[in-house]
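This is a predicted model, so every value here is computed, not measured. One-based numbering, in listed order, for ligands and for the atoms of each.
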Amino acid sequence: MRTEEGGPPAAAVTVRDLEEADLDNGFLEALEALAPVGLTAAQARAVYRARPPDLHTYVAVCRGRVVGTASLLVEPKFIHAGGRVGHVEDVAVSRQAQARGAGTALVRHAVEQARRYGCYKVILESSDALAGFYERLGFRRHSLSLRLDLK
Ligand SMILES: CC(C)(COP(=O)(O)OP(=O)(O)OC[C@H]1O[C@@H](n2cnc3c(N)ncnc32)[C@H](O)[C@@H]1OP(=O)(O)O)[C@@H](O)C(=O)NCCC(=O)NCCS
């Protein structure tokens with residue numbers, strides 16, 4: 001089968017939970033599209049093993065290799081009658097795999113999981129340049145983000 005442009009069809013992307021073996025199979029490279037990782041393999045394994053149970057990390061896999069990732073932190077609140085908020089963090093797709101739907105599949109999956117965990121909303125921080133990407137997925141601009149650097 002060929003695409004309309006005459007090239008080979010794009011390989012399917014599947015999204016699943018992060019596994020320890022993914023650390024050596026494209027996961028850290030995908031994160032580099034967002035920010036420098038700066039961990040040795042051993043340090044990355046220690047971070048993986050110390051993650052809290054409410055932090056869920058998903059990976060997009062294409063041809064057996066991780067090409068992207070997104071995380072969902074589920075926060076139980078005292079306000080809103082103990083409601084839960086889903087925080088989407090660290091959405092990244094490796095440069096070579098961008099613009100093929102992996103980012104969309106990852107964010108959709110994180111939102112579906114947030115719904116399954118009973119979250120009443122999902123929030124994330126992004127930039128003006130990427131607002132359109134998230135608006136296409138149902139997000140709207142909201143609130144102001146502030147930051148205090150401690151290191
Ligand atoms: C943003 C990012 C996750 C999108 O992933 P992706 O797999 O490339 O996205 P998709 O293929 O699902 O793209 C869906 C649409 O969003 C658009 N889009 C992707 N990246 C974009 C960007 N940086 N700015 C504006 N639009 C963008 C695409 O053009 C595409 O639209 P189209 O189908 O009309 O062409 C990816 O580009 C990335 O990792 N960027 C660097 C890290 C980053 O900025 N992460 C987001 C932190 S909030």
Co-members of Val85 in a cluster of I, L, V, M, F, W and Y side chains, linked at under 4.5 Å:
Tyr120, Ile123
I need the contact residues for ligand 1: any residue with a non-hydrogen atom closer than 4.0 Å to the ligand, ordered by chain then number.
Ala33, Leu34, Val91, Ala92, Val93, Gln98, Ala99, Arg100, Gly101, Ala102, Gly103, Thr104, Glu125, Ser126, Ala129, Leu130, Phe133, Tyr134, Arg136
With sequence neighbours excluded, tell me which residues meet side chain to side chain donor-acceptor pair (under 3.5 Å) with Ser127.
none
Glu32 side chain to Val37 backbone, donor-acceptor under 3.5 Å
yes
Exercise: do Gln113 and Arg116 side chains pair donor with acceptor under 3.5 Å:
yes
Looking at Asp22 and Glu19, would you say the former's side chain and the latter's main chain have a donor-acceptor pair under 3.5 Å?
yes
Going by side-chain heavy atoms closer than 4.5 Å, which hydrophobic residues are tied to Leu72, directly or by a chain of links?
Val15, Tyr58, Val74, Val88, Val91, Val93, Leu106, Val107, Val111, Tyr117, Val122, Leu124, Leu130, Phe133, Tyr134, Leu137, Phe139
